[in-house]
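Chain letters run A, B, ... following the sequence lines, proteins first and then strands; every chain starts at 1. Being a predicted model, the structure only gives us computed values, none of them experimental.
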2 protein chains.
Amino acid sequence: MFETIFKALGEPTRLKIIKLLSIKELCVCDLEEIMQISQPRISQHLKVLKYAGLVNERKEGQRSICSLNKVLLNNTMDEFQEYIDKPLEEIPELAGEHSRIPCIDGEACKRKLGTNCKIE
Amino acid sequence: MFETIFKALGEPTRLKIIKLLSIKELCVCDLEEIMQISQPRISQHLKVLKYAGLVNERKEGQRSICSLNKVLLNNTMDEFQEYIDKPLEEIPELAGEHSRIPCIDGEACKRKLGTNCKIE
DNA sequence: TAATGATATAAGCATATACTTATAAATATA
DNA sequence: TATATTTATAAGTATATGCTTATATCATTA
C-alpha cells in the first residue's frame with residue numbers, strides 16, 4: 001500500500017498532475033492544455049494515480065473531473081512516519097525478519113543461520 | 001528530489017530494508033541474513049537508497065555499515081505535505097503550468113490556447 | 001603472501017514502464 | 001442521424017528496472 005502510493009508519486013509527470021490537482025479539480029483535457037502533453041499520456045498516468053487512490057474522479061457529461069485525495073495523501077505521509085517508528089514485532093509481514101534479527105546482535109558477519117543462530 | 005525519494009521508496013525490497021534499518025544500523029551481510037536474499041540484490045538496492053540520501057554508510061574495516069537517514073525521511077514526508085499546500089506561483093518549475101491555469105477557469109474544455117487564452 | 005571474507009560491479013535476461021500513434025467508446029450537438 | 005468532443009484503450013517501441021550468476025575489489029587473517 002505504501003509501495004503503490006510511493007510508486008505512483010515517484011514519477012515526474014504524475015507528481016505534476018498531483019500538484020495541479022491540489023489547486024483545483026480538473027478534467028483530462030484541462031490537464032492536457034495546462035501541461036501541454038498528449039491526452040493518452042494524461043489518461044494513463046491518471047489510471048495509476050486512481051489505482052493508488054490518490055485521485056478521485058467524477059463523471060460530468062463526457063468529461064471526467066479529477067480531484068486530489070488530499071486526505072489519503074496526508075495520511076500516508078503521517079502513517080509512513082509512524083510505520084518507521086513502529087517496533088518490528090508489530091508488523092506481521094516482517095515476522096520472519098524479526099525472528100532473524102537477534103542472530104546478528106553485536107556479532108561479526110561470519111555466521112550462517114543454523115550454526116550460532118537457531119530459529120525455533 | 002521528491003521524485004527520487006518516492007521512487008526509492010516505491011519498491012518492496014527497499015521498503016523492507018528501510019524498515020529494518022529503522023531498528024538499528026546493519027551491514028550488507030546482516031541484511032542478507034535477515035532478509036534471506038542475495039548479496040548483490042542488497043547491494044543494488046542500497047545503491048538506490050544511498051543515491052536518494054535515505055541511507056548513509058560508514059566503512060568499518062571491510063564492512064559497510066548502513067544506517068537510515070530518519071531526518072531526511074521525516075522531513076520529506078513533512079515537506080511534501082507543505083509542497084502540496086503551497087500556491088502554484090511559488091513553484092518556479094511550474095511557472096509554465098501556472099500561466100496556463102487561468103485559461104481553464106470555469107470554462108468548457110473546447111478551447112485551444114491562443115484563442116480565448118493569451119499568454120503574455 | 002596466500003586464502004578468506006565483505007562488498008561492489010558487470011553481464012545477461014525477463015518484465016515493467018513511459019511514451020507514441022491509432023482507434024474505440026461514449027456523450028453531446030448540429 | 002451524422003459529426004464533434006472527451007476519454008479510454010490497444011499496439012508497438014524504447015528504455016528502465018529487478019533479478020541472477022559470475023567476477024572484481026579491497027580489507028583481513030592465516
Side-chain angles (χ1 to χ4, degrees), chain A residues 3-18 21 25-52 55-67 103-104 106-113 115-116, chain B residues 3-18 20-21 25-52 55-67 103-104 107-113 115-116:
Chain A
E3 183 200 333
T4 308
I5 292 178
F6 287 138
K7 192 173 288 178
L9 292 175
E11 203 280 333
T13 306
R14 288 195 291 268
L15 269 182
K16 201 178 273 193
I17 291 175
I18 291 269
L21 292 180
E25 53 178 27
L26 296 166
C27 69
V28 176
C29 66
D30 287 338
L31 287 166
E32 194 181 343
E33 281 206 12
I34 296 174
M35 301 180 69
Q36 310 263 53
I37 63 178
S38 76
Q39 176 268 314
R41 195 172 153 194
I42 307 262
S43 262
Q44 287 155 7
H45 283 300
L46 280 172
K47 193 174 180 181
V48 176
L49 291 168
K50 283 184 270 184
Y51 178 76
V55 164
N56 294 320
E57 119 181 333
R58 154 173 70 83
K59 274 287 179 188
E60 201 166 273
Q62 42 185 169
R63 333 236 307 259
S64 91
I65 317 270
C66 300
S67 56
C103 310
I104 54 102
E107 293 298 316
C109 279
K110 174 102 201 332
R111 73 211 109 55
K112 292 282 157 270
L113 289 175
T115 61
N116 57 348
Chain B
E3 185 200 331
T4 308
I5 292 177
F6 287 138
K7 192 173 289 178
L9 293 174
E11 204 281 333
T13 307
R14 288 195 291 267
L15 268 182
K16 202 178 273 192
I17 291 175
I18 290 270
L20 291 170
L21 293 180
E25 51 178 29
L26 296 166
C27 69
V28 175
C29 67
D30 287 337
L31 287 166
E32 195 181 342
E33 280 205 14
I34 297 173
M35 301 180 68
Q36 310 263 52
I37 64 180
S38 75
Q39 176 267 314
R41 196 173 152 192
I42 307 261
S43 264
Q44 287 155 6
H45 283 301
L46 280 173
K47 194 175 181 180
V48 176
L49 291 169
K50 283 184 270 183
Y51 178 75
V55 165
N56 293 320
E57 118 182 331
R58 154 172 69 85
K59 275 284 179 188
E60 202 167 272
Q62 40 186 169
R63 331 238 307 263
S64 90
I65 317 272
C66 300
S67 57
C103 310
I104 53 101
E107 295 297 314
C109 278
K110 174 98 198 336
R111 75 213 109 51
K112 292 283 157 265
L113 289 175
T115 61
N116 57 348

List every contact pair, protein side and nucleotides 15-22 of chain D side both N or O, where the distance is under 3.5 Å.
unit_1: D:dG18; atom_1: OP1; unit_2: B:Arg14; atom_2: NH2; d: 3.2
unit_1: D:dG18; atom_1: OP2; unit_2: B:Arg14; atom_2: NH1; d: 3.1
unit_1: D:dC19; atom_1: OP1; unit_2: B:Thr13; atom_2: OG1; d: 3.4
unit_1: D:dC19; atom_1: OP1; unit_2: B:Arg41; atom_2: NE; d: 3.1
unit_1: D:dC19; atom_1: OP1; unit_2: B:Arg41; atom_2: NH2; d: 2.8
unit_1: D:dC19; atom_1: OP2; unit_2: B:Arg41; atom_2: NE; d: 3.4
unit_1: D:dC19; atom_1: OP2; unit_2: B:His45; atom_2: NE2; d: 2.2
unit_1: D:dC19; atom_1: O5'; unit_2: B:Arg41; atom_2: NE; d: 3.3
unit_1: D:dT20; atom_1: OP2; unit_2: B:Ser38; atom_2: OG; d: 3.2
unit_1: D:dT20; atom_1: O4; unit_2: B:Gln44; atom_2: NE2; d: 3.2

> When all nucleic acid strands are considered with a 4.0 Å heavy-atom cut-off, which category describes B:Ser43: base, sugar-phosphate, or nothing?
Replying inline: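 Contact class for B:Ser43: base.
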Whole Å only: how far is the [atom1] atom of [X] from the [atom2] atom of [N]?
X: B:Glu3; N: C:dT17; atom1: CD; atom2: P; result: 15 Å
X: A:Leu31; N: D:dT7; atom1: CG; atom2: P; result: 9 Å
X: A:Ile42; N: D:dA8; atom1: CD1; atom2: P; result: 11 Å
X: B:Arg63; N: D:dT28; atom1: CZ; atom2: P; result: 11 Å
X: B:Glu33; N: C:dG5; atom1: CD; atom2: C1'; result: 13 Å
X: B:Asp30; N: C:dT7; atom1: CG; atom2: C1'; result: 13 Å
X: B:Glu57; N: D:dC26; atom1: CD; atom2: C1'; result: 13 Å
X: A:Leu15; N: C:dA18; atom1: CG; atom2: P; result: 11 Å

Which heavy atom of [X] sits nearest to which heavy atom of [Y], and what is that distance?
X: B:Leu21; Y: B:Ser67; result: CD1-C, 4.3 Å
X: A:Cys27; Y: A:Arg63; result: SG-NE, 3.5 Å
X: A:Ser64; Y: A:Lys59; result: CB-NZ, 3.7 Å
X: A:Ala8; Y: A:Val48; result: CB-CG1, 4.0 Å
X: B:Glu11; Y: A:Glu3; result: N-CG, 4.0 Å
X: B:Val55; Y: B:Cys66; result: CG1-CB, 3.9 Å

>> Is there a side-chain contact between A:Leu31 and A:Leu46 in this structure, where contact means two heavy atoms from C-beta onward sitting under 4.5 Å apart?
In response: yes
> Would you say the side chain of B:Thr13 lies within less than 4.5 Å of the side chain of B:Met35, judging by non-hydrogen atoms?
Replying inline: yes
> Can you tell me how far the NE2 atom of A:His45 sits from the CD1 atom of A:Ile18, to the nearest 0.5 Å?
Replying inline: 12.0 Å
> Which of these nucleotides, C:dT9, D:dT7, C:dA6, is closest to any side-chain atom of B:Lys47?
Replying inline: C:dT9
> Does D:dA4 have a Watson-Crick or wobble mate here (both distances under 3.5 Å), and if so which one?
Replying inline: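 Here D:dA4 is not engaged in any pair, so there is no nucleotide opposite it.
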> Does D:dT20 have a Watson-Crick or wobble mate here (both distances under 3.5 Å), and if so which one?
Replying inline: C:dA11
> Is the base of D:dA4 syn or anti, where syn means the angle lies within 90° of 0?
Replying inline: syn
Could you list all N or O pairs between the protein and nucleotides 26-30 of chain C that sit under 3.5 Å apart?
unit_1: C:dT27; atom_1: O2; unit_2: A:Gln62; atom_2: NE2; d: 3.1

